[in-house]
Amino acid sequence: MKQLATLLFAAILGGLIALGLAHKSHNTRASVNPSPQPAVLTANYGMVGDSYPVDFVRAAKVATPAVVNITAVGQESLARDRRNPFSELFDFNFEDLFGNEFNIPRNGTGSGVIFSEDGYIVTNNHVVGFADDIKVVLNDKREFNARKIGTDPSSDLAVLKIEADNLDYLTFGNSDHLQVGEWVLAVGNPFGYLTSTVTAGIVSAKGRDIDIIKGEKTIEEFIQTDAAINPGNSGGALVTPEGELVGINTAIATPTGVYAGYSFAIPSNLARKIVYDIIENGNIERANLGIAGYDINDEIIEKENLTVDSGIYVAEVVSGSGAHFSGVLPGDIIYSANGRPVNNFDDIKKIMQFSKVGDTIKLGIIRGGERKTIAVKLRKRI
């Protein structure tokens with residue numbers, strides 16, 4: 001009996017020791033190579049506990065009160081003589097791009113952004129440029145008659161003024177800081193009746209020149225986004241998640257007339273400069289130098305026996321232009337403008353980008369091997 005008890009005790013003790021070793025072995029494997037836990041997805045497509053990558057609530061609260069609905073009407077007697085300035089640019093109906101904002105007689109809707117507490121509003125020229133009667137409806141449903149301060153067709157911008165104080169407004173941010181892939185918010189009034197609509201997307205590209213503004217001297221360097229924009233959004237705000245105004249929504253590229261994935265906004269740095277120029281000077285009429293010529297290259301150097309390897313070779317001077325009256329001659333070589341080097345036509349285009357009738361451009365030219373400076377006062381196109 002005593003022997004049986006001893007054997008039973010030994011068996012129990014051996015079992016306990018074996019169980020302890022097995023438990024120790026299991027814990028060691030778990031700590032070295034733990035079993036993967038299934039990921040639980042939430043509505044924001046992140047892991048449980050994650051927050052949205054970008055919070056648009058603050059931006060929407062800041063921007064929505066500063067974006068207005070615009071109704072513009074032109075006198076029919078004048079509207080019959082006004083043509084769609086974009087009608088010949090594309091082989092499809094360009095009015096589909098902006099909707100009824102280009103209908104004749106001119107009667108359309110769009111959006112605008114309040115940028116001062118005393119009622120200055122920036123919008124697109126194609127929204128109000130034709131208009132004689134402009135009505136603005138604020139986000140809080142108050143209505144005002146707006147006065148047109150001025151327009152700049154070359155950049156498709158315009159400034160309005162309503163008589164009100166203590167308004168919610170947006171300040172111009174620095175659009176140069178935008179990066180491709182960054183989130184942005186579009187605020188506007190699509191189709192004229194879906195007021196205070198907010199959509200989001202990313203910056204798809206910067207500096208787009210899509211050739212939608214007709215004329216010899218245009219300014220295009222659009223921000224491209226995939227935020228949903230439709231007819232009626234023109235003139236609305238493009239803002240960062242912090243509520244900073246970085247663009248004025250202007251156009252969509254689509255064969256159907258509604259959003260198809262691509263939208264374009266005028267950068268705030270460009271808009272700011274033009275808007276305050278309009279406030280100071282009224283309507284802006286851009287001007288050209290009045291010359292035609294060639295970028296200097298090996299072919300021109302050999303043909304004209306030139307001694308310089310960069311600049312613009314003047315082949316023709318337009319009669320009656322600023323260049324003509326200032327004494328620029330065919331055969332001159334332009335090597336600078338306003339003290340900045342000119343290696344080709346792109347350089348002078350950038351220098352003159354914001355030039356207007358009445359401005360003076362100082363051209364550095366080479367004539368007969370001698371360098372001289374000619375001051376060209378820009379004139380209206382003839």
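Numbers here simply count residues along the sequence, with the first being 1.
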Report yes if some heavy atom in the side chain of P330 is under 4.5 Å from a heavy atom in the side chain of V317; otherwise report no. yes
Does F56, at its CZ atom, have more than 12 non-hydrogen atoms belonging to other residues, nucleotides or ligands within less than 6.0 Å? yes
side-chain contact (heavy atoms from CB on, under 4.5 Å) between Y276 and Y120, intermediate numbers included: CA-CA 10 Å; Y276 287 107; Y120 279 99; over 6 Å; no
Starting from the C-alpha separation in whole Å, work towards a yes-or-no answer on side-chain contact (heavy atoms from CB on, under 4.5 Å) for R367 and I374. CA-CA 11 Å; R367 180 184 298 168; I374 294 180; 3.8 Å; yes
Check whether any side-chain heavy atom of R58 lies under 4.5 Å from a side-chain heavy atom of E242, and answer yes or no. yes
Does any non-hydrogen side-chain atom of D152 lie less than 4.5 Å from one of R286? yes
D118 backbone acceptor or donor facing K161 side chain under 3.5 Å: yes
V62 vs V239, test: side-chain contact (heavy atoms from CB on, under 4.5 Å). Steps then yes/no. CA-CA 10 Å; V62 170; V239 300; over 6 Å; no
Given the rule in the side-chain hydrogen bond (donor to acceptor under 3.5 Å, both in side chains) test, do S196 and N139 qualify, once you have shown the distances and angles that lead to the verdict? CA-CA 7 Å; S196 302; N139 182 60; 2.5 Å; yes
Is there a salt bridge (Lys or Arg N to Asp or Glu O under 4.0 Å) between K349 and D346? Walk through the geometry before answering. CA-CA 5 Å; K349 181 179 179 181; D346 284 342; 5.9 Å; no
Spell out, as yes or no, whether a donor-acceptor pair under 3.5 Å connects the side chain of N174 to the backbone of N269. no
Go through the side-chain N and O atoms of N124 and T250 and say whether any donor and acceptor fall under 3.5 Å apart. yes
Check: A228 main-chain N/O paired with T199 side-chain donor or acceptor under 3.5 Å: yes
Between the main-chain N or O of G129 and the side-chain N or O of K148, is there a donor-acceptor pair closer than 3.5 Å? yes
With a 4.5 Å cut-off on side-chain heavy atoms, are L378 and L289 touching? yes
Are N249 and N233 close enough that a side-chain donor and a side-chain acceptor fall under 3.5 Å? no
Non-hydrogen side-chain atoms of I312 and D347 separated by less than 4.5 Å: no
Would you say the side chains of D226 and S204 form a donor-acceptor pair under 3.5 Å? no
Would I274 and I266 count as a side-chain contact (heavy atoms from CB on, under 4.5 Å) if you check the C-alpha gap in whole Å, the side-chain angles of each, and the deciding distance to 0.1 Å? CA-CA 11 Å; I274 292 172; I266 298 168; over 6 Å; no
Is there side-chain contact between T197 and N230, with at least one heavy-atom pair below 4.5 Å? no
Is any side-chain heavy atom of T151 closer than 4.5 Å to one of I278? no
For H126, does its backbone N or O pair with a side-chain atom of D156 as donor and acceptor, under 3.5 Å? yes
Looking at T123, V275, N125, which one forms a side chain to side chain contact (heavy atoms under 4.5 Å, CB included) with V159? V275
Which pair of non-hydrogen atoms, one from F345 and one from Y294, has the smallest distance, and what is that distance? CE1-N, 3.8 Å
Any sub-3.5 Å donor-acceptor pair from S268's side-chain atoms to G173's backbone N or O? yes
Candidate list T71, V137, V136, L138, test side chain to side chain contact (heavy atoms under 4.5 Å, CB included), partner E143, passing option: V137
Is it the case that atom CZ in F144 sees more than 12 heavy atoms from other parts of the structure closer than 6.0 Å? yes
Taking the side chain as every heavy atom from C-beta outward, state whether I291 and I334 have any atom pair closer than 4.5 Å. yes
